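Convention: sequence-line order gives letters A, B, ...; per-chain numbering from 1. Predicted model, so just to flag it, every value in this text is computed and none were measured.
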2 protein chains.
Amino acid sequence: MTTSGPGEATIGDVAREAGVSVSTVSYALSGKRPISEATRQRIQSAVDRLGYRPHAGARALASRRTHVLALVAPLRVDVNVSVILQFVAGVVTRARSHDLDVLLLTNDDPHSLDRVASGSMVDAAIVMDVEREDPRLPELRAMRQPAVLIGLPDDPGPLACVDLDFVSVGRQAVAHLAAAGRRRIGLIGAAPTVLARRTSFAERLMRGYGEAVARLDAPALAVAAQGSRGGGISAVTELLEREPALDALVVHNELAVPGVVEALRRAGREDVALVLVCPADLVGSVPVDCDWIEVPGARIGEIAVDMVTAQLAGATGPEVRLLEPTVRAHRLNP
Amino acid sequence: MTTSGPGEATIGDVAREAGVSVSTVSYALSGKRPISEATRQRIQSAVDRLGYRPHAGARALASRRTHVLALVAPLRVDVNVSVILQFVAGVVTRARSHDLDVLLLTNDDPHSLDRVASGSMVDAAIVMDVEREDPRLPELRAMRQPAVLIGLPDDPGPLACVDLDFVSVGRQAVAHLAAAGRRRIGLIGAAPTVLARRTSFAERLMRGYGEAVARLDAPALAVAAQGSRGGGISAVTELLEREPALDALVVHNELAVPGVVEALRRAGREDVALVLVCPADLVGSVPVDCDWIEVPGARIGEIAVDMVTAQLAGATGPEVRLLEPTVRAHRLNP
DNA sequence: TTGAAAGCGCTAACAC
DNA sequence: GTGTTAGCGCTTTCAA
């Protein structure tokens, strides 16, 4: 007697084993029509006995659903990997809870999304690292499958978007510091390459910041910083030169944070108030008291999946969702 | 006239448009049999005109190949995300160059690999974050599809493995320091949770270290450290208490490095020689001169893909590949 | 409540 | 060098 491993049995084998027709097995498994409890059980035990697993390709061919989501993720050096991975983790976890798997596309091949979409490898797509005038937008709009952007292009058209409201992040950071009496508020922004790509979040934060300091009649003191310790040091040095009376800093560059802290210490300027914009796991390693605004990567990834599944289910709700940020305190000795 | 978007046309449409049979189209596209140049061109232009893309599910059903690779990746908090992402990037990039896509599985569901494998969603699997007695090994051995482990379990059996030779890393780090006259060599290892899981690389490095210091008749001074600035500080403090004459440190914990450097500085012990074990992008942000051994994540990911494609092609080469590490110098002012 | 059978779009014999 | 056609394993009418 031959015991074949799992994945060998077909729906026909199950049907024979259970003494029913293939359609009955199919319906029993999908629940798309009522099946008597007795047959349901016979089928289930046949499935277990044979280790039956539906063949994904056959199912996709017949039903036109793959149960796979494309995740277009950047993996660019200048974007903080821990942020990326938070988004990815959120997407993958939530996708599984919707019974979807995730096909990971990195950006090295600009047409890979087109390839997998028109090859019917995926039911939908989630796109990260969106630029203000993202070159992928035409492709995305032409897709049969729904897509959700993580980020906010200038003209999303009918595409669904979700992100932290970075304009509000900039405003709130400034407002929070102003409320604490600060008026010389600098901004250390994303890496020059990130800004050069006109990455949507980087510019939006800067816009919010710019508006807010203007309303305060405070000087706009924004610099881009390389995502490194050295980048943080240079940025602080430059800002202190431009404005020696600097009394606060908004830092939107996770990798530069250690350098920023170090430079302030060396300059004897621990009095400069800090608002960090970063993921939750990063703030824990910051060695000074400060305030921070969370970039909730995992949460945004989850929402993106929820939006995409809603679209798959035919819903047509609000197209753009921006999460409201909150300023929180980070204290070494609570 | 209706211009339908890409992904609507079938191979039958192409065949009609080009005035040939479907099999000719199929063979022309796959190159699996000689086609006259003339027909090849007619077919190609029909493909272009119609925007034809083969339906992945149909292809998988007929050919029993999905051209998809499962990547089982951890995304565990205690493992450095930048290391993980290097592996992932290596895998995805190399996979694409073999015309494979990557289905990303995270570990939250232990049976997901079984699910996608027996559901014929993937042709092969690459598994990261391998433990010495990994609970997934039985599943992996039962799979129809080939698998490659990144890491080295105690008993890999017939499974292919690839990793940096961490035993050698430990030995070389010690040998290098010993050659520089150091005899009180500490080891700051992976996070306690990583060790508790018996993660293969962590223990192998420790073994190499232990053997090497024993041969020197030097004391074994190993501690686990939390992956954080605080973890690095505590580890240094503890080691300096145990051995005030400490003159060298091997650090195999990326996230603890800043704390280690800081603690040594505060203790006035900048004379302690350092060998860091970390990915290349991390060493750049280390603010002191030291030596380091690269963990070539991307390279290992690439090799894993090459091994898996070799297996798909029917090869049966060397089962376990361990990359030889090299000690290099990191100098702030070269 | 169940079954029979027609596809889904492609590959790969098997023909010529 | 090219065409015909029988599957691949599933879903989903249509019929009972």
Side-chain angles (χ1 to χ4, degrees), chain A residues 4 6-44 46-47 50-68 99 116-121 123 144, chain B residues 4 6-44 46-47 50-68 99 116-121 123 144:
Chain A
S4 49
E8 324 265 81
T10 73
I11 197 173
D13 299 330
V14 175
R16 197 174 320 113
E17 181 85 7
V20 296
S21 75
V22 289
S23 62
T24 302
V25 175
S26 175
Y27 284 119
L29 261 31
S30 71
K32 288 194 182 170
R33 86 179 177 192
I35 300 287
S36 77
E37 190 49 29
T39 39
R40 238 195 43 69
Q41 301 224 336
R42 288 217 315 290
I43 289 173
Q44 188 53 54
V47 164
L50 299 176
Y52 167 73
R53 300 288 190 139
H55 186 287
R59 191 206 283 266
L61 180 56
S63 69
R64 316 190 134 274
R65 283 279 206 196
T66 63
H67 296 273
V68 175
D99 195 34
V116 301
S118 51
S120 297
M121 293 185 76
D123 292 338
R144 307 196 282 303
Chain B
S4 48
E8 323 265 82
T10 73
I11 197 173
D13 298 329
V14 175
R16 197 174 319 112
E17 180 86 7
V20 296
S21 75
V22 289
S23 63
T24 302
V25 175
S26 175
Y27 284 120
L29 261 31
S30 71
K32 290 195 182 172
R33 86 181 179 189
I35 301 287
S36 78
E37 190 49 28
T39 39
R40 239 194 43 68
Q41 302 223 336
R42 289 217 314 292
I43 290 172
Q44 187 54 54
V47 165
L50 299 176
Y52 166 73
R53 300 289 190 137
H55 185 289
R59 191 206 282 267
L61 181 56
S63 69
R64 318 192 133 273
R65 284 279 205 192
T66 63
H67 296 272
V68 175
D99 196 33
V116 301
S118 50
S120 297
M121 293 186 74
D123 293 337
R144 306 197 281 304

Quiz item: Using a cut-off of 4.0 Å on non-hydrogen atoms, how would the nucleic acid contact of B:T39 be classed: base, sugar-phosphate, or nothing?
Solution: sugar-phosphate

Exercise. Quickly work out the A:H55 NE2 to C:dC10 P distance and round it to whole Å.
Key: 15 Å

Quiz item: Taking the side chain as C-beta and beyond, is there a heavy-atom pair between A:H55 and B:L61 under 4.5 Å?
Solution: yes

Exercise. Work out which heavy atom in B:S120 is nearest to a heavy atom in A:A56; give both atom names and the distance.
Key: O-CB, 4.4 Å

Quiz prompt | Taking every non-hydrogen atom, the tightest pair across A:V22 and A:G12 | solution = CG1-CA, 3.8 Å

Quiz item: Under 4.0 Å: is that the gap between some side-chain N or O of B:S21 and OP1 or OP2 of D:dG3?
Solution: yes

Self-check item: Name of the residue among B:H67, B:R65, B:R64 meeting side-chain contact (heavy atoms from CB on, under 4.5 Å) with B:R59
Solution: B:H67

Quiz item: B:L61 side chain: which of C:dA12, D:dG9, D:dG1 is closest?
Solution: D:dG9

Practice problem: Would you indicate which nucleotide in C:dA13, D:dC10, C:dG3 comes nearest to any side-chain atom of A:A58? | Solution: D:dC10

Quiz prompt | Side chain of A:A62 - closest among D:dT4, D:dG1, D:dC10 | solution = D:dC10

Practice problem: Would you indicate what A:S26 reaches in the nucleic acid, counting non-hydrogen atoms under 4.0 angstrom: base, sugar-phosphate, or nothing? | Solution: base

Quiz item: For A:S23, which contact category applies under a 4.0 Å heavy-atom criterion: base, sugar-phosphate, or nothing?
Solution: base

Exercise. Give the nucleotide from the list C:dA13, C:dG3, C:dT11 with an atom nearest to the side chain of B:R33.
Key: C:dA13

Practice problem: Write down the atom of B:L50, the atom of B:E17, and the distance for their closest heavy-atom approach. | Solution: CD1-CB, 4.1 Å

Self-check item: Protein-nucleotide distance (A:I11, atom CD1; C:dT2, atom C1'), rounded to Å
Solution: 14 Å

Quiz item: Rounded to whole angstroms, how far apart are CZ on B:R42 and C1' on D:dG3?
Solution: 13 Å

Quiz prompt | Heavy-atom side-chain proximity of A:D13 to A:Y52 below 4.5 angstrom | solution = no

Quiz item: For D:dG3, does OP1 or OP2 lie under 4.0 Å from any side-chain N or O of B:T24?
Solution: yes

Quiz item: How is B:V22 classified with respect to the nucleic acid when contacts are heavy atoms under 4.0 Å: base, sugar-phosphate, or nothing?
Solution: base

Quiz item: What is the distance from NZ of A:K32 to P of D:dC10, rounded to the nearest Å?
Solution: 14 Å

Practice problem: Take atom CZ of A:R16 and atom C1' of C:dG3, then tell me their distance rounded to the nearest Å. | Solution: 16 Å

Quiz item: Between B:Y27 (OH) and D:dG1 (P), how many Å, whole number?
Solution: 14 Å

Practice problem: Return no unless some side-chain N or O of B:R59 is found under 4.0 Å from OP1 or OP2 of C:dG9. | Solution: no

Practice problem: Mind checking A:R64 for me? I need base, sugar-phosphate or nothing, with any heavy atom below 4.0 Å counting as a touch. | Solution: sugar-phosphate

Self-check item: Nearest-angstrom distance from the residue atom CZ of A:R53 to P of D:dC8
Solution: 22 Å

Quiz prompt | Rounded distance (Å) that lies between atom C1' of C:dT1 and atom CD of A:Q41 | solution = 16 Å

Practice problem: Would you mind telling me which of D:dG9, C:dA15, C:dC10 lies closest to the side-chain atoms of B:P54? | Solution: C:dC10

